[in-house]
Amino acid sequence: MAQLPGAAVDFARFLAGLTARLDRRSGWLAVFLERDPDGMRACLAGSELPPWDVVDALLQDLAADQGAAAARTEAATARTLHAAATAAHDAGPGAAAALAGRLDGMLREQRYAAERLQELTAHRATATTQEAAAALDVDLAWAEDDHRRATARCAELRARSDALAPPAAAVPAQAPAAPERPAKQTKPRKRPRGGARFAGIAGEAAEPPQPPAPVAPVPAAAVRGARFAGVTDPAEEPAPSRPGPEDAHAAGGAVAHLHALRAQGRGGEAHVLLAELAGWPAPRLPLLAAELHRAGLEADWATLLWEVAALPPAGLVAAADALAAAGRGADARQLLRQGVARPAPEIADALHLLTGDGRDRQARALAGAYLAVRSPEDAAGVARSDPDRLVPLLLDAARGVSEERHWDLVHAFRVAGVLA
């Protein structure tokens, strides 16, 4: 521990002291030790940092064992030490790349948890005996916990990543000629071990993921229409249709229904409702965001964004446009980042569909979002299906991300043989 940052050592000591006061045979501590013993050991040693929801769960154990007053006293100390340890971990070399890789893996965990929740909810609705229903209720409770934790961790990792992102640099209208950039060494990624209940810390500690280098996001002040995705001429952008009174009424009613489901502990039905809301017209999305935050349902807003991110590309871009036009640029960028977490063939098919239908703006928006978070090698995989059409589109979108990303993409295309 002597080689670790002081803040990491301080938090590890606090965590060790906290867990020493808890019963290892019950509560959340028992769950974490069973699911990811290597990860817990890494956290207690200070080499890894547990997600905040894990710390909060251990404080819940303390409240159950020693009373709420004791937990409140420790909670303030825990929050301060965790924040300092987070800053220390994120100040190390390669931190931005490691966070991007972990976020990618946690987004997959979130999607799996959401699919599992929907599957169990459907089974629960058709249960024919009390025994079967009771068993499914237990599974649903764990699935809801998995999804809630995965959602919280995605938000935590995204906030840490955003804090490390440098200011966006200006993109020149015409990129000057430059020498070809040297090849970069890459390593194959491994999927982190562990479930959403603890976040697979052991797998990440054993072999850090090798994600693409992050690029600077467009600042919120520049977000307008599809410009957040690299489209630089707003004159061609049709303004998203404005929501009317009936849209506001529908959004308010839907959130009131969702709030009632949450209050009654009917989490499975709440998730089904969120999945339905994702298919609503795009102009209603900012209204739903406002109503959900007003009702204190921020976690449900994160879930709704994830559901919207799974829409077909045209719907995804329309939703991002609506959020940006309503002044929710951060949500628009997050939505596109989540929406492009798809295999290269799916992105290629989407770009084919959009350009084939004459929706070039949407194609450029989708390509820009993909290039902002995926590696140039991934983009070469997208272009390989139709170089004549997709190489110019992707290179043009890359200039809207950064000059460095453009030349990285040129090199990756040449290595892949899709660009002479």
Side-chain angles (χ1 to χ4, degrees), residues 94 96-97 100-101 103-104 161 165-189 209-219 222 226-233 313 316-317 320 333 336-355 359-420:
L103 178 57
D104 187 55
S161 295
V171 179
Q174 180 63 40
E180 182 175 317
R181 300 180 64 85
K184 296 183 179 180
Q185 297 297 319
T186 60
K187 296 180 180 179
R189 298 186 207 176
Q210 303 293 324
V215 296
V218 178
R227 291 178 67 190
F228 57 84
V231 178
T232 57
D233 183 6
L316 169 68
V317 176
R333 292 190 297 272
L336 279 182
R337 284 196 298 266
Q338 293 178 176
V340 296
R342 313 178 188 208
E346 290 188 26
I347 298 296
D349 289 344
L351 293 176
H352 275 288
L353 175 64
L354 292 172
T355 55
R359 291 178 282 181
D360 293 337
R361 183 198 59 78
Q362 291 182 324
R364 290 197 303 273
L366 184 65
Y370 185 81
L371 292 168
V373 297
R374 302 298 290 269
S375 72
E377 292 75 20
D378 289 338
V382 172
R384 191 173 287 114
S385 65
D386 187 354
D388 290 342
R389 177 185 296 186
L390 298 183
V391 164
L393 170 65
L394 290 165
L395 287 176
D396 182 59
R399 289 192 180 94
V401 176
S402 73
E403 186 64 21
E404 181 181 9
R405 181 48 54 100
H406 172 254
W407 288 109
D408 283 345
L409 194 60
V410 168
H411 174 75
F413 282 175
R414 287 173 176 164
V415 171
V418 297
L419 182 65

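All heavy atoms count here, side chains included; hydrogens, waters and symmetry mates do not.
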Please report the closest heavy-atom contact between Ala100 and Ser161, naming both atoms and the distance. N-OG, 4.3 Å
Heavy-atom pair with the smallest gap, counting every atom of Ala365 and Leu336: O-CD1, 4.4 Å
Pro392 to Pro387 - nearest heavy-atom pair and separation: CD-O, 3.5 Å
Taking the side chain as every heavy atom from C-beta outward, state whether Arg361 and Val317 have any atom pair closer than 4.5 Å. yes
Hey, which of Asp378, Leu409, Asp408 is the one that makes side chain to side chain contact (heavy atoms under 4.5 Å, CB included) with Leu371? Leu409
Output for pair (Phe413 CZ, Arg384 CZ), nearest 0.5 Å, gives 10.0 Å
Residues that Thr355 engages under side-chain contact (heavy atoms from CB on, under 4.5 Å), provided they are two or more places apart: Asp360, Ala363, Arg389, Leu393
Looking at every heavy atom in both His406 and Ala398, which two are closest together, and how far apart are they? CA-CB, 3.8 Å
Less than 4.5 Å apart, any side-chain heavy atom of Leu351 and any of Tyr370? no
Minimum-distance pair of heavy atoms, taken over all atoms of Ala379 and Leu394: O-CD1, 3.8 Å
Distance-minimising heavy-atom pair for Val382 and Leu390: O-CD1, 3.4 Å
